[in-house]
Amino acid sequence: MTVVAKKLDMSAADVAIADFYSPTELTDGFHLVIDALKLNGIDTIYGVPGIPITDLGRMAQAEGMRVLSFRHEQNAGNAAAIAGFLTKKPGICLTVSAPGFLNGLTALANATTNCFPMILISGSSEREIVDLQQGDYEEMDQLAIAKPLCKAAFRVLHACDIGIGVARAIRAAVSGRPGGVYLDLPAKLFAQVIDAQHGAKSLVKVIDAAPAQLPAPTAIARALDELRNAKRPLIILGKGAAYAQADDVVREFVERSGIPYVPMSMAKGLLPDTHPLSAGAARSTALKDSDVVLLVGARLNWLLSHGKGKAWGEPGSKRFIQIDIEPREMDSNVEIVAPVVGDIGSCVSALLDGLGDGWKGAPAEWVETIRAKREANIAKMAPKLMKNTAPMDFHSALGALRTVIKERPDAILVNEGANTLDLARGIIDMYQPRKRLDVGTWGIMGIGMGFAIAAAVETGKPVLAVEGDSAFGFSGMEVETICRYKLPICIVIFNNNGIYRGTDTDPTGRDPATTVFVPDSRYDRMMEAFGGVGAQVFTPDELKRAVDAAMDSGKPTLINAVIDPAAGSESGNIGSLNPQSVIKRK
Ligand code: ADP
Ligand code: TZD
Ligand code: MG
């Protein structure tokens, strides 16, 4: 009793009285939540404190967990989401009720969309009052609101159910297709006291949270038949393949099969982008002219033009094989002639075994076509990356950062923006798996600082965050968090004075245009305000030197890279998605 009573801040007299009446040791909701997380190997929480979870954070820290406090829940949620992607354990985001919960919910929905495992744990108000809508402090029916936006949502009402609640949340987040889970913990739960032994017994250590899912032998045989009959086979690696951490077997399969591959954005580096079979720089040709396409942890969503249309060449020219853990992903956009349902490690191993000694390699003519196209495209791009003049454009600035990552392949690259994103994705080669973290399936702005912080915390590696000036603004206040925890993060702002470009004007002459910001802003001074290092650079050489200094020092650094405001194009590479008005008004 005494130990627990002290944690509850009882006076000495209260403790004596409690000891007299109750010989057994007690525990409470706070401690059971912490014990349940720790029992399952979860050691880090990202969140924002407040009623009713302030003490939960404090106690978790006191119990040895890493608890990182953010300035806004959305950034804490993004941190939790990417922690999930990097570690295959659910990242935990902890928020207060209604507004804090809603701020975290965007990140939860984004995690679910991207198939990242995370658990949003929010404190909530009194059920009796919420359900009668009597106006409690931060009243909101959070469970109902979360449900349609995540993979699963649970509420725990009794302290003795915390163990099961946490276990269900963990299993739901990481098993099958990973995703976001909401766990609703009402204020009253935390202070509920139960017998400590009973409490300890109620905890559940989740066994085999994400069990291997073996593909059916017939599915493997069907897929191999398709590959054997292909004249122009192509592999597309998606972020599911990066998440799966089956790096060796994926690499072996690509190399043994000799089939060219295109990495999706966050799968870059699974094999080095400089690999002879990489078709990254020949993407258009590879998509258009291939005849059999093997998708590995990549969905045929908008990022792959839904598997149809001009990007994929002649209608009917393609046969798709798809490896995915989610059976319902098959035929979501076009017919999948060889669905392979299972986890990527097991499926790719089975394909590799099936290639056997009889596999003759991919047709040489096709491999050569892709190689030639890739080399031609790389040669065409090269001079643009080498200019060393001011003002910088995207290409010349990215040329410098490309060299930084080549020299520091274990650094993690976080990337968001429009031009800053699309051009960096093409220009900066990645050399190791799970080193490129970006806006993902939704193309969402605001992931930058949350991703950067969690990447540094979870991996201990240096982080380079390449940010459009608009993109950075969505999570910019977290530079204080970066300074507070002294994280080895170097932020480079591509400052072109606005969204896409900094040159638009309001035709009426009244206000700034909708896409422009205060010109020549000094974002570097934001970092200096909190004790970090700030720098402003005008040329690629200056940029390279400043980034190298930051990465060598490991100090929080923000580099304001001045980019020609006229250099960008509307929406980067995806301007065609903008609807066009046909109405002309005078
Ligand atoms: P990208 O954006 O890189 O194309 P997507 O997010 O569209 O990637 O696709 C990732 C896919 O990977 C999802 O359909 C998901 O179900 C799948 N996936 C995630 N983890 C695994 C795994 N371990 N085994 C098999 N498939 C997985
Ligand atoms: N809000 C959210 C949450 N996500 C979004 N994707 C957008 C708004 C729309 N949007 C984009 O798609 S890119 C972008 C916005 C606002 C910013 C582009 O400006 P930037 O990049 O400065 O970050 P460039 O280099 O100037 O193109
Ligand atoms: Mg910009």
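First listed ligand is number 1; within each ligand, the first listed atom is number 1. Numbering starts at 1 and runs along the sequence shown.
You'll find the side chain of E252 stays beyond 4.5 Å of the side chain of D248, heavy atoms only.
Ionic pairing of R177 and E329 is present here: one or more N-O contacts between side-chain nitrogen and carboxylate oxygen are shorter than 4.0 angstrom. Salt bridge absent: E335 and R319 never bring a charged side-chain N and a carboxylate O closer than 4.0 Å. Ion pairing of D247 with R434 is present here, as a side-chain N (NZ or NE/NH1/NH2) and a carboxylate O approach within less than 4.0 Å. One finds a salt bridge joining R425 and D422 here, because a Lys/Arg side-chain nitrogen approaches an Asp/Glu carboxylate oxygen to under 4.0 Å.
Nearest protein heavy-atom contact of atom 25 (O) of ligand 2 is T420 OG1, 2.6 Å.
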The test is side-chain hydrogen bond (donor to acceptor under 3.5 Å, both in side chains); show your working for S265 and R436 and say whether it passes. CA-CA 7 Å; S265 189; R436 187 187 153 83; 3.0 Å; yes

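Ring-plane geometry between W312 and F320 is classed as perpendicular, the angle between the planes exceeding 60 degrees on a 0 to 90 degree scale with a lower cut at 30.
Scanning K239, K88, R177 for the heavy atom closest to atom 2 (O) of ligand 1 points to K239. When the heavy-atom distances from atom 13 (S) of ligand 2 to E416, E467, M445 are ranked, the shortest goes to M445.
Contacts of F472 with ligand 2, taken as heavy-atom pairs under 4.0 Å, are absent altogether. Residue contacts with ligand 2 for F474 involve side-chain atoms from C-beta outward but no N, CA, C or O (heavy atoms, distance under 4.0 Å). Contacts between N496 and ligand 2, counted as non-hydrogen atom pairs separated by less than 4.0 Å, involve the side chain only.
For ligand 2, the polar-atom distance check finds an N/O of A418 within less than 3.5 Å of one of the ligand's N/O atoms. Taking distance alone, with nitrogen or oxygen atoms compared against 3.5 Å, R501 stays at or beyond that limit from ligand 2. The shortest N/O to N/O separation between I499 and ligand 2 does not fall below 3.5 Å. No N or O atom of A244 sits closer than 3.5 Å to an N or O atom of ligand 1. Considering backbone and side-chain atoms alike, G443 places an N or O below 3.5 Å from some N or O of ligand 2.
In this structure a side-chain-to-backbone donor-acceptor pair under 3.5 Å is present from E416 to I447.
Within the 4.0 angstrom cut-off, atom 18 (C) of ligand 2 has one or more protein heavy-atom neighbours.
Proximity of G440 to ligand 1 is not established, as no heavy-atom distance is less than 4.0 Å.
Ligand 2 places these atoms under 4.0 Å from at least one heavy atom of S470: 16 (C), 17 (C), 19 (O), 20 (P), 22 (O), 23 (O).
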